[in-house]
Amino acid sequence: MYQKTVLPNGVRIITEEIDYVRSVAVGIWVGAGSRDEKEGYEGISHFIEHMFFKGTKNRTARDIAESLEAVGGQLNAFTTKEYTCYYAKVLDEDMDLAMDVLNDMFFESLFDENEIEKEKKVVIEEIKMYEDSPDELIHDLFSDHVWNDHPLGRPILGTEDSVKGLSRKKILDFMDHHYAPDNLVIAVAGKIKHDEVLKKLAPLYGEFKRGGRRILEETPKGQQVQEMILKDTEQMHLILGVPGLGQEDEDLYPMHILNNVLGGGLSSRLFQEIREQRGMAYTVFSYHSTYVDTGLFAIYAGTTPSNSQEVVECVLAEILDIKKNGISQSELQRTKSQIKGGLYLGLESASSRMSRLGKTELTYNRVISPEEVVEKLERVTVEDTKRVINRLWKRDKISLLMLGPAGNEVDMDALFEKIGWDEE
């Protein structure tokens with residue numbers, strides 16, 4: 001299904017031919033994100049993403065914006081804590097145009113001083129917008145508190161002060177170190193031929209030399225926090241969480257099952273109990289953020305401030321029930337089917353297939369097929385999930401962060417005693 005070519009300088013080009021579609025998705029994946037930013041460079045990965053769209057030697061910012069829209073295509077990018085992706089989706093007949101635009105952005109961006117200063121204002125507005133969305137902001141605050149000053153806990157956008165301190169010199173320095181051949185994957189999926197893709201990309205990407213693979217700082221250890229951040233909001237925003245699992249951990253698949261059972265959808269335990277049965281939240285869900293060497297397993301809910309204690313009690317009670325009694329066989333099978341269905345349905349577009357190629361190749365140095373994922377999921381037993389929840393959700397590891405109005409603090413010790421969580 002997949003074809004992969006590693007150029008002599010280390011650039012990986014990987015493709016998947018889907019002959020029954022009329023589209024092509026192209027992604028340039030760079031193994032650099034906010035965890036790679038040293039002091040004084042916070043937010044620079046995301047800022048570089050913005051600057052790629054601000055003009056090249058061959059195109060103005062307007063030209064870039066209009067280039068693929070004119071043929072009904074899409075051009076965009078995103079930055080995470082560990083990688084950045086620039087991508088396009090077009091009709092197969094416009095593949096050359098999509099590649100030309102992406103290549104131009106990657107190799108010929110100007111990083112004009114005036115545009116840098118202008119874009120700083122744009123990103124600062126983005127930060128302010130984010131800070132006005134407490135249901136989004138709390139997740140970054142939680143990472144920051146649990147991973148206490150480690151780069152992985154920093155916000156991807158940076159801060160207003162750090163963005164103001166960015167410069168053209170810092171941009172070029174960061175790119176010299178991180179936008180390097182052996183830290184780069186180009187993924188293409190759709191109505192394509194591998195040899196044709198290689199012919200178009202190899203001459204450009206096979207020639208450049210700089211930097212090297214990332215060197216990660218030590219793994220963040222994670223600390224237990226219980227904190228209330230005061231903000232004048234209508235709801236109390238709550239996150240309970242624990243340090244999670246890195247991408248190579250053998251318990252990753254049982255953990256995915258647990259995540260779905262707890263808060264992964266409309267049929268999840270927390271959604272049914274907190275929203276459907278008690279009507280105490282509109283939004284409640286769990287998630288696991290997986291990184292190279294660690295992770296974060298968290299549960300979020302937004303509720304009326306006076307309901308905070310009861311919502312936290314419900315969350316802890318559900319976790320404790322699984323710790324003691326495990327999940328049922330029917331929950332296990334339903335969740336496996338749910339994950340498998342979502343996985344395969346998500347692969348019906350060229351974009352999602354391109355994303356799977358790029359992300360797994362960049363992070364695992366190989367493509368992980370849907371079939372491999374399903375095979376590992378099918379091996380998970382009820383006993384596996386019980387073992388993993390007891391491994392992760394220990395009383396002395398559980399953190400609680402609250403964002404909202406004063407006077408609604410939660411007494412965690414009292415709740416542990418009330419529900420009979422006697423593990424220290």
The test is side chain to side chain contact (heavy atoms under 4.5 Å, CB included); show your working for K193 and V197 and say whether it passes. CA-CA 6 Å; K193 298 290 184 185; V197 170; over 6 Å; no

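- Side-chain contact between T84 and I48 is absent, with no heavy atoms from C-beta onward closer than 4.5 Å.
- T303 places a side-chain N or O within donor-acceptor distance of the main-chain N or O of M280, the cut-off being under 3.5 Å.
- For F297 and W393, the ring centers sit closer than 6.0 Å to each other.
- N76 and Y86 share no side-chain donor-acceptor pair at under 3.5 Å.
- Between C314 and R278, the closest heavy-atom pair is SG-CZ, 3.2 Å.
- Below 30°, between 30° and 60°, or above 60°: for Y253 and H256 the angle between ring planes is above 60°, a perpendicular geometry.
- Rounded to the nearest 0.5 angstrom, T219 OG1 and D293 CG are separated by 3.5 Å.
- Side-chain contact check for S330 and S328: at least one donor-acceptor pair (N or O, by modelled atom type) lies under 3.5 Å.
- Side chain of S133 to main chain of M129: a donor-acceptor pair is present (N/O by atom type, distance under 3.5 Å, no hydrogens or angles).
- Contact between A180 and H177 at its shortest, heavy atoms only, is CB-O, 4.4 Å.
- Applying the side chain to side chain contact (heavy atoms under 4.5 Å, CB included) criterion to K418, with sequence neighbours excluded, gives E313.
- Taken from NZ in K81 to CG in D36, the straight-line distance is 11.5 Å, to the nearest 0.5 Å.
- For the residue pair S308/N408, the side-chain donor-acceptor check at 3.5 Å is not satisfied.
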Criterion salt bridge (charged side-chain N to carboxylate O under 4.0 Å, His left out) on K4 and E361, from CA distance to verdict: CA-CA 10 Å; K4 172 181 170 181; E361 175 62 37; 2.8 Å; yes

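- K209 and N9 form no side-chain donor-acceptor contact under 3.5 Å, judged by distance and modelled atom types alone.
- Two residues are said to be in side-chain contact when any heavy atoms from C-beta on lie closer than 4.5 Å; F52 and I64 fail this criterion.
- Between E17 and K191, no side-chain nitrogen of the basic residue sits less than 4.0 Å from a carboxylate oxygen of the acidic one, so the salt-bridge criterion is not met.
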Using the side-chain hydrogen bond (donor to acceptor under 3.5 Å, both in side chains) rule, take D140 and S143 through it: C-alpha gap first, then chi angles, then the decisive distance, then the call. CA-CA 5 Å; D140 272 355; S143 296; 5.2 Å; no

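- Here the rule is side-chain contact (heavy atoms from CB on, under 4.5 Å) with R12, and of V6, I186, L7, T5 only V6 fits it.
- Under a cut-off of 6.0 angstrom, the local environment of CG in N325 is crowded, with over 12 non-hydrogen atoms contributed by other residues, nucleotides or ligands.
- Cation-pi geometry between K359 and Y83 is not met at under 6.0 angstrom from the ring centre and within 45 degrees of the axis.
- Counting heavy atoms of neighbouring residues, nucleotides and ligands inside a 6.0 Å radius, atom CD of E250 does not exceed 12 of them.
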Determine, stepwise, if the pair V261 / R269 fulfils side chain to side chain contact (heavy atoms under 4.5 Å, CB included). CA-CA 6 Å; V261 169; R269 289 191 178 200; 4.0 Å; yes

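- Without hydrogens or angle criteria, R356 side chain to I368 main chain gives a donor-acceptor distance under 3.5 Å.
- Electrostatic pairing of D384 and R391 does not count as a salt bridge here, judged by no charged N lying under 4.0 Å from a carboxylate O.
- Between V146 and L296 the shortest heavy-atom distance is CG1-CD1, 4.1 Å.
- Put simply, the side chain of I229 does not reach to within 4.5 Å of the side chain of I138, judged on heavy atoms.
- Donor-acceptor pairing under 3.5 Å is recorded for the side chains of N103 and Y205.
- Checked against side chain to side chain donor-acceptor pair (under 3.5 Å), H46 has the following partners two or more places apart in sequence or in another chain: H50, E126.
- Side chains of T15 and Q3: a donor-acceptor N/O pair is absent below 3.5 angstrom, by distance only.
- Looking at E37 and S45, their side chains do bring a donor and an acceptor atom within 3.5 Å of each other.
- Of the inter-residue distances, the one linking I239 atom CD1 with I299 atom CD1 reads 10.0 Å to the nearest 0.5 angstrom.
- Under the 6.0 Å cut-off for aromatic ring centres, F208 and F107 qualify, their centroids lying closer than that.
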Decide yes or no on side-chain hydrogen bond (donor to acceptor under 3.5 Å, both in side chains) for S355 and S352, but give the supporting numbers first. CA-CA 5 Å; S355 293; S352 58; over 6 Å; no

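- Counting only distance, with no hydrogens or angles, the side chain of S162 and the backbone of G43 share no donor-acceptor pair below 3.5 Å.
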Assess the residue pair I398 and L316 against the criterion (side chain to side chain contact (heavy atoms under 4.5 Å, CB included)); give the C-alpha distance rounded to whole Å, side-chain angles, the decisive distance to 0.1 Å, and a yes or no. CA-CA 10 Å; I398 298 175; L316 292 176; 4.3 Å; yes

Working note: T233 + L403, criterion side chain to side chain contact (heavy atoms under 4.5 Å, CB included); need CA distance, chi angles, decisive distance, verdict. CA-CA 8 Å; T233 57; L403 178 66; 5.6 Å; no

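- Side-chain atoms of K121 and I124, non-hydrogen and from C-beta on, never get closer than 4.5 Å to each other.
- Within the 3.5 Å criterion, the main-chain N or O of E378 finds a donor-acceptor partner in the side chain of K336.
- We find that E348 and R353 are not joined by a salt bridge, their nearest charged nitrogen and carboxylate oxygen being 4.0 Å or further apart.
- The two residues H145 and Q223 come nearest to each other via the heavy atoms O-NE2, 2.9 Å.
- Ion pairing between a basic and an acidic side chain is recognised when a charged N comes within 4.0 Å of a carboxylate O; E160 and K164 show such pairing.
- Residue K323 qualifies as enclosed at atom NZ: its count of foreign heavy atoms under 6.0 Å is above 12.
- Rounded to the nearest 0.5 angstrom, Y291 OH and R35 CZ are separated by 9.0 Å.
- L377 contributes atom CG, which lies 11.0 Å from atom CD of E372 (distance to the nearest 0.5 angstrom).
- Considering every non-hydrogen atom in both V225 and S399, the closest pair reads N-OG, 2.9 Å.
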May I have the step-by-step check of side-chain hydrogen bond (donor to acceptor under 3.5 Å, both in side chains) for Y300 and H139, ending in yes or no? CA-CA 9 Å; Y300 165 83; H139 301 285; over 6 Å; no

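- Side-chain contact check for V312 versus M412: some heavy-atom pair is nearer than 4.5 Å.
- Closest heavy-atom contact between Y344 and P370: CE2-CB, 3.7 Å.
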Please walk me through it: do E49 and T79 pass side-chain hydrogen bond (donor to acceptor under 3.5 Å, both in side chains)? CA-CA 7 Å; E49 174 210 316; T79 305; 2.5 Å; yes

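- Not a single donor-acceptor pair under 3.5 Å links the side chain of D92 to the backbone N or O of V24.
- Atom CG of L240 sits about 7.0 Å away from atom CG of L238, to the nearest 0.5 Å.
- Between D251 and R387 there is a salt bridge, since at least one side-chain N of the basic residue sits less than 4.0 Å from a carboxylate O of the acidic one.
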